[in-house]
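The structure under discussion is supplied below as structure tokens; questions concerning it will follow.
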Amino acid sequence: EIYVKGSLNLFAGETNIEVNKRIVNFNIKELTGDLKTATLLYICDLIFQKMDKNRKMRKYTWIYIEEISTYLVNEYVVEYFLNFCKICHPYGGIPTIISQNVEELLKNQQIEMKLKDTYLLCLLKQGINGIELLKNILGISQVQIDFVRDNKIGTGLILIEGNKLIKFKTEVKGENK
């Protein structure tokens with residue numbers, strides 16, 4: 001009731017978000033507390049509706065979630081998000097999770113388990129603590145982990161199906177400003 005008639009009724013009316021566009025961006029980094037939780041659930045519902053619509057047209061839905069650790073604000077949201085990721089595949093959804101803060105992400109055991117079960121993982125330069133966590137969780141050798149620790153722009157590791165590891169190096173010309 002609080003979300004329909006109460007102080008969190010932000011989503012009780014019509015939306016001003018153009019969800020039928022090809023690319024939709026949700027920026028909720030300024031939200032906090034219950035409002036952030038309600039917004040995350042609402043966004044997942046909108047994405048699910050888009051996936052269902054696209055599936056009927058035999059289209060995939062690409063979902064990019066940047067700085068995921070800032071969104072996983074409580075256990076309820078973590079659980080909901082993990083369930084959301086499970087239903088993505090059968091509905092043609094391809095979630096891509098981006099995080100520069102692996103340490104924060106891996107504080108949650110459920111997220112750690114999901115990471116182990118990830119089909120494709122791309123590792124770029126990480127901090128020392130994040131590297132050690134990834135090394136232990138993913139079973140990456142010291143030689144391989146050194147490639148991520150000391151890598152230059154455009155280099156990293158791709159882990160496929162949890163056991164196939166590919167080093168990559170892409171030349172990046174000029175400065176990216």
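Here the structure is a predicted model, which is why all the values come from computation and not from measurement.
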Who are the side-chain hydrogen bond (donor to acceptor under 3.5 Å, both in side chains) partners of T32, not counting sequence neighbours?
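Residues passing side-chain hydrogen bond (donor to acceptor under 3.5 Å, both in side chains) with T32: none at all.
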
Could you check whether any side-chain heavy atom of I63 comes within less than 4.5 Å of a side-chain heavy atom of M51, counting everything from C-beta outward?
yes

To the nearest 0.5 Å, what is the distance between CG (D52) and CD1 (I47)?
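CD1 of I47 is found 13.5 Å from CG of D52.
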
Cluster link I28 to Y64, ILVMFWY, side chain under 4.5 Å:
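No, no single cluster joins them.
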
Same cluster for I68 and I94 if Ile/Leu/Val/Met/Phe/Trp/Tyr side chains link at under 4.5 Å?
no

Output for pair (K167 NZ, Q144 CD), nearest 0.5 Å, gives 7.0 Å

Can you confirm whether more than 12 heavy atoms, excluding those of Y60, are under 6.0 Å from its OH atom?
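Result for OH/Y60: open.
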
For the residue pair F81 and I97, establish whether any side-chain heavy-atom pair is separated by less than 4.5 Å.
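Sidechains of I97 and F81: in contact.
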
Pick one: which of L138, I158, L157 meets side-chain contact (heavy atoms from CB on, under 4.5 Å) with L121?
L138

Min side-chain heavy-atom separation L41-D45 under 4.5 Å:
no

Tell me the side-chain hydrogen bond (donor to acceptor under 3.5 Å, both in side chains) pairs involving residues 75-94, sequence neighbours left out?
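Of all non-adjacent pairs touching residues 75-94, those that pass side-chain hydrogen bond (donor to acceptor under 3.5 Å, both in side chains) are E75-N108, E79-Q110.
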
Calculate, to the nearest 0.5 Å, the distance between atoms CD and OG1 belonging to Q49 and T61 respectively.
12.0 Å

Using the rule that two of Ile, Leu, Val, Met, Phe, Trp, Tyr join whenever any of their side-chain heavy atoms come within less than 4.5 Å, decide whether L46 and L35 are in one cluster.
yes

Rounded to the nearest 0.5 Å, what separation is found between the CD1 atom of I140 and the CD atom of E132?
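Output value for this atom pair is 11.0 Å.
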
What's the spacing between I87 CD1 and C44 SG if we round to 0.5 Å?
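Reported to 0.5 Å precision, the distance equals 8.5 Å.
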
L133 side, atom CG; K135 side, atom NZ - distance, nearest 0.5 Å
11.5 Å

Does atom NZ of K21 have more than 12 heavy-atom neighbours, drawn from other residues, nucleotides or ligands, at distances under 6.0 Å?
no

Is there a path from W62 to F84 through hydrophobic residues (I, L, V, M, F, W, Y) whose side chains come within less than 4.5 Å of each other?
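No, separate clusters.
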
